[in-house]
Engineer: 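Here it is: the structure, laid out below.
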Amino acid sequence: MALTRSGTKRPHRRRVLLGSGALALSLAVGGTAGWSTPEGAATRHDIGFNATFKHAFAEVRGVRMHYVTGGKGPALVLLHGWPQTWYEWRKIMPALARHHTVYALDLPGLGDSKGSPPGFDKKTLARYVHGLLRDRIGLDDFDLVAHDLGAGVGAQYVSQFPRRVNSYVHMDYPLPGRNLPAAKYRTFSWHMAFNSQRAIPEKLVDDREDVREYVTEFSTQVAHGGSAFGGTRTRPPFTEAETDEYVRTYGRPDTLHAGFELYRSLDEDERDNANAAPTDTPTLLLTATGSLAATRPTLSPMLRNVVRAVEIPKSGHWLAEENPDAVTREILAFTGRR
């Protein structure tokens, strides 16, 4: 809700520029009525996709968790990042499903998962993922792929339940912990500091149009050739359908709040990761072009068996969406090496 200096409502929109990327966030008048749309809307009319995959739900300690599953072969679990959902894997799921039974999850409180866990620290979220995979789906073991803040959950999962994970693919996420304090982590990008603030993000990003602008401008900034990588890119990396899906879900106030909570828990993540049991699970590290050297040292205290580390060519942060073919090849080569 935009206000004048005197505290009265402002009848029009204005912009606030934040940080080096000059991200435009909008202050808006208006409520949030009508933000939700039916679950599964992203693939409702995709006949080809629906021939292989189905949407499913399961209750885990008061949270109704959503996942998309399909394919044949050994189980492969996919965990998404922010501001994304299971849909970030949409481009690579058909190819993966020819070799694996794929499970693409919406993390608790995000996407079409409904309800709130007691905390959004990645250790807690990993336990909810475990409750879904073991207790509801009945998986004894699987390969795990995780991106961005979802990789924070993935690393905690591998640490807590190493016997369940045959191999782990960690995608473009420096781990806060012994080698990377959360306070330093927040200096890497304006958005990490902004999203960590109490209440302010929800007050500035407070309607669907705000969410669309945030997703569009931020995703462009950290894509290949974007300003975060020293470039001048202006074209968004996401398709219109991808943006629409992320706006559909993060357009809900509770989901948007949950997304910001992922960042507000970074200090707790630092402590949990520093105290986590190290694991020798075979790990593949994938990063954006130019990010490998800075990312790999942050993993070593927890993930001691990084057997391959690769920068995805011509890709910024959004690996599976910017270069799906390269990501698919790396995942399948790694999970099929046994």
Engineer: Do Arg61 and Asp135 sit within salt-bridge range, that is, some charged N less than 4.0 Å from a carboxylate O?
Structural biologist: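 No salt bridge links Arg61 with Asp135.
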
Engineer: Show, in sequence, the C-alpha distance, side-chain angles and deciding distance for Arg134 and Asp140, and conclude whether the salt bridge (charged side-chain N to carboxylate O under 4.0 Å, His left out) test is met.
Structural biologist: CA-CA 6 Å; Arg134 184 195 62 181; Asp140 291 326; over 6 Å; no

Engineer: Are Val102 and Leu78 close enough that some pair of their side-chain heavy atoms sits under 4.5 Å apart?
Structural biologist: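 Answer yes - side chains close enough.
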
Engineer: Please find the pair of heavy atoms, one from Asn273 and one from Pro176, that lie closest to each other, and give the distance.
Structural biologist: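 In terms of heavy atoms, the two residues are closest at ND2-O, 2.6 Å.
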
Engineer: Would you sort out whether Glu242 and Gln84 count as a side chain to side chain donor-acceptor pair (under 3.5 Å), showing the intermediate values?
Structural biologist: CA-CA 9 Å; Glu242 287 164 351; Gln84 297 162 292; over 6 Å; no

Engineer: Evaluate the side-chain proximity of Leu284 to Ser167: yes if any heavy-atom separation is below 4.5 Å, no if none is.
Structural biologist: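 Answer no - side chains too far apart.
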
Engineer: Run the side-chain contact (heavy atoms from CB on, under 4.5 Å) test against Asn50 and tell me which residues pass, sequence neighbours left out.
Structural biologist: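 Testing Asn50 for side-chain contact (heavy atoms from CB on, under 4.5 Å), a comparison that skips the adjacent residues, returns Thr43.
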
Engineer: Stepwise, does the side-chain contact (heavy atoms from CB on, under 4.5 Å) test hold for Asp210 with Tyr214?
Structural biologist: CA-CA 6 Å; Asp210 289 347; Tyr214 196 155; over 6 Å; no

Engineer: Exactly one of Tyr87, Trp86, Tyr103, Tyr67 should register a ring pair (Phe, Tyr, Trp, His ring centres under 6.0 Å) with His55. Which one does?
Structural biologist: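 Of the listed residues Tyr87, Trp86, Tyr103, Tyr67, the ring pair (Phe, Tyr, Trp, His ring centres under 6.0 Å) partner of His55 is Trp86.
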
Engineer: Flag the pair Glu270 and Arg178 as a salt bridge only when some basic side-chain nitrogen lies within less than 4.0 angstrom of an acidic carboxylate oxygen.
Structural biologist: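 A salt bridge is absent here (no side-chain N lies under 4.0 Å from a carboxylate O).
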
Engineer: Is it the case that Thr298 and Asn179 place a side-chain donor and acceptor less than 3.5 Å from each other?
Structural biologist: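 Judged by distance alone, the side chains do not pair up.
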
Engineer: Tell me, with the steps shown, if Val165 and Arg163 meet side-chain contact (heavy atoms from CB on, under 4.5 Å).
Structural biologist: CA-CA 6 Å; Val165 183; Arg163 294 183 180 180; over 6 Å; no

Engineer: If you compare all heavy atoms of Pro83 against all heavy atoms of Val215, which two are closest, and at what distance to 0.1 Å?
Structural biologist: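 Heavy atoms of Pro83 and Val215 come nearest at CG-CG2, 4.1 Å.
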
Engineer: Checking Tyr173 now: which residues fulfil ring-ring contact (aromatic ring centres under 6.0 Å, His included) with it, not counting sequence neighbours?
Structural biologist: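 For Tyr173 the ring-ring contact (aromatic ring centres under 6.0 Å, His included) partners, ignoring immediate neighbours, are Tyr185.
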
Engineer: If you look only at pairs with a residue in residues 93-111, which of them pass as a salt bridge (charged side-chain N to carboxylate O under 4.0 Å, His left out), with sequence neighbours excluded?
Structural biologist: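 Listed once each, the pairs would be none.
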
Engineer: Taking side-chain contact (heavy atoms from CB on, under 4.5 Å) as the definition, give me every residue that meets it alongside Ser159, ordered by chain and number, with sequence neighbours left out.
Structural biologist: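 Residues passing side-chain contact (heavy atoms from CB on, under 4.5 Å) with Ser159: Ala276, Ala277, Met302.
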
Engineer: Only pairs at least two apart or in different chains count here, so list each salt bridge (charged side-chain N to carboxylate O under 4.0 Å, His left out) that has a residue in residues 294-308.
Structural biologist: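 Output for this query lists Asp280-Arg304, Arg308-Glu330.
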
Engineer: Does the Ser291 side chain pair with the main chain of Thr287, one donor and one acceptor, at a distance under 3.5 Å?
Structural biologist: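 It does not hold such a pair.
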
Engineer: Using the salt bridge (Lys or Arg N to Asp or Glu O under 4.0 Å) criterion, which residues pair with Glu245? Sequence neighbours excluded.
Structural biologist: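 Only Arg248 meet the salt bridge (Lys or Arg N to Asp or Glu O under 4.0 Å) criterion with Glu245.
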
Engineer: Go through it in stages, so that I can follow the logic: the residues are Lys122 and Asp269, the test is salt bridge (charged side-chain N to carboxylate O under 4.0 Å, His left out), and I'd like the CA-CA distance, side-chain angles, deciding distance and then a yes or no.
Structural biologist: CA-CA 6 Å; Lys122 312 314 171 287; Asp269 294 340; 2.5 Å; yes

Engineer: With no hydrogens and no angle check, do the side chains of Asp148 and His317 hold a donor and an acceptor under 3.5 Å apart?
Structural biologist: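 Yes, His317 and Asp148 have a side-chain donor paired with an acceptor closer than 3.5 Å.
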
Engineer: Please list all pairs meeting salt bridge (charged side-chain N to carboxylate O under 4.0 Å, His left out) that have one or both residues in residues 71-90, counting only residues at least two apart or in different chains.
Structural biologist: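 The answer is Asp46-Arg90.
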
Engineer: Centroid separation under 6.0 Å, is that true for the rings of Tyr250 and Tyr246?
Structural biologist: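 When the ring centroids of Tyr246 and Tyr250 are compared, they turn out to be at least 6.0 Å apart.
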
Engineer: Just verifying a value: how many Å separate His224 NE2 and Lys314 NZ, rounded to the nearest 0.5 Å?
Structural biologist: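 Interatomic distance, His224 NE2 to Lys314 NZ, rounded to 0.5 Å: 7.5 Å.
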
Engineer: Do the side chains of Phe229 and Leu292 join up, straight or via other hydrophobic residues, at under 4.5 Å, putting them in one cluster?
Structural biologist: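 No, Phe229 and Leu292 fall in different hydrophobic clusters.
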
Engineer: Nearest 0.5 Å please: distance from the CG atom of Leu110 over to the CG atom of Leu256.
Structural biologist: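 The CG atom of Leu256 is 10.0 Å from CG of Leu110, to the nearest 0.5 Å.
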
Engineer: Pro324 and Ala320: which non-hydrogen atoms are nearest, and at how many Å?
Structural biologist: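 Looking at all heavy atoms of both residues, the shortest contact is CB-O, 3.3 Å.
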
Engineer: Drop me the distance from Glu311's CD to Leu319's CG, to the nearest 0.5 angstrom.
Structural biologist: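 It is 10.5 Å, given to the nearest 0.5 Å.
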
Engineer: Begin with the C-alpha distance, continue with both residues' side-chain angles, and end with the deciding distance and a verdict on side-chain contact (heavy atoms from CB on, under 4.5 Å) for Val77 and Leu133.
Structural biologist: CA-CA 9 Å; Val77 175; Leu133 298 177; 3.9 Å; yes

Engineer: Look at Arg271 together with Asp121 and state whether they make a salt bridge at an N to O cut-off of under 4.0 Å.
Structural biologist: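 Salt bridge flag = no for Asp121 with Arg271.
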
Engineer: Going from CG on Leu76 to CG on Asp143, what distance comes out if it is rounded to the nearest 0.5 angstrom?
Structural biologist: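 Nearest 0.5 Å value for the CG-CG distance: 6.0 Å.
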
Engineer: Strictly under 6.0 Å, is that where the ring centroids of Tyr157 and His130 end up?
Structural biologist: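 Ring centroids of Tyr157 and His130 are less than 6.0 Å from each other.
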
Engineer: Regarding His100 and Thr335, is there a side-chain donor-to-acceptor distance under 3.5 Å anywhere?
Structural biologist: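 His100 vs Thr335: donor-acceptor pair found between side chains.
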
Engineer: Any salt bridge (charged side-chain N to carboxylate O under 4.0 Å, His left out) involving residues 179-201? Give me the pairs, sequence neighbours left out, ordered by first then second residue.
Structural biologist: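 For residues 179-201: Arg186-Asp267, Arg198-Glu261.
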
Engineer: Ring centres under 6.0 Å, that's the criterion: do Trp82 and His147 meet it?
Structural biologist: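 Centroid separation for Trp82 and His147: 6.0 Å or greater.
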
Engineer: Could you tell me whether the side chain of Val145 reaches within less than 4.5 Å of the side chain of Trp89, counting heavy atoms only?
Structural biologist: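 With C-beta onward as the side chain, the pair touches.
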
Engineer: Using a distance-only test with no angle check, is there a side-chain donor-acceptor pair under 3.5 angstrom linking Gln160 and Gln156?
Structural biologist: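 Gln160 vs Gln156: donor-acceptor pair found between side chains.
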
Engineer: According to ring-ring contact (aromatic ring centres under 6.0 Å, His included), who are the partners of Tyr168, at least two apart in sequence or on a separate chain?
Structural biologist: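 Partners of Tyr168 by the ring-ring contact (aromatic ring centres under 6.0 Å, His included) criterion, ordered by chain and then number, come out as His170.
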
Engineer: Quick one: are Phe49 and Val68 in side-chain contact, heavy atoms under 4.5 Å?
Structural biologist: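 Yes; the side chains approach each other to less than 4.5 Å.
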
Engineer: With sequence neighbours left out, write down each residue that passes side-chain contact (heavy atoms from CB on, under 4.5 Å) with Pro237, or none if nothing qualifies.
Structural biologist: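 Pro237: side-chain contact (heavy atoms from CB on, under 4.5 Å) contacts with Ser219, Thr220, Ala223, Arg233, Trp318, Glu322.
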
Engineer: So, for Thr255 and Gly111, which heavy atoms are closest and what is the spacing to 0.1 Å?
Structural biologist: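 That closest heavy-atom pairing would be CG2-N, 3.9 Å.
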
Engineer: Which value, rounded to the nearest 0.5 Å, describes the distance between Leu125 atom CG and Leu105 atom CG?
Structural biologist: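 If I round to the nearest 0.5 Å, the distance is 11.5 Å.
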
Engineer: If you compare all heavy atoms of Phe53 against all heavy atoms of Ala97, which two are closest, and at what distance to 0.1 Å?
Structural biologist: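 Minimum heavy-atom separation between Phe53 and Ala97: CZ-CB, 3.6 Å.
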
Engineer: Could you check Leu144 against Val169 for side-chain contact (heavy atoms from CB on, under 4.5 Å), going step by step and ending with a plain yes or no?
Structural biologist: CA-CA 6 Å; Leu144 177 62; Val169 182; over 6 Å; no

Engineer: Give a yes/no verdict on a cation-pi contact between Arg264 and Phe120, requiring under 6.0 Å between NZ or CZ and the six-membered ring centre and an angle within 45° of the axis.
Structural biologist: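 No cation-pi geometry.
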
Engineer: Test of understanding: with side-chain contact (heavy atoms from CB on, under 4.5 Å), list the residues that count as partners of Ser189, not counting sequence neighbours.
Structural biologist: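 Listed in chain order: His191, Met192.
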
Engineer: Looking at every heavy atom in both Pro313 and Ala326, which two are closest together, and how far apart are they?
Structural biologist: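 Nearest heavy atoms, Pro313 then Ala326: CD-CB, 4.3 Å.
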
Engineer: Please name all residues satisfying side-chain hydrogen bond (donor to acceptor under 3.5 Å, both in side chains) with Asp254, sequence neighbours left out, ordered by chain then number.
Structural biologist: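 Expected list: none.
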
Engineer: What distance do Met65 atom CE and Glu59 atom CD have between them, rounded to the nearest 0.5 Å?
Structural biologist: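 CD of Glu59 is found 10.5 Å from CE of Met65.
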
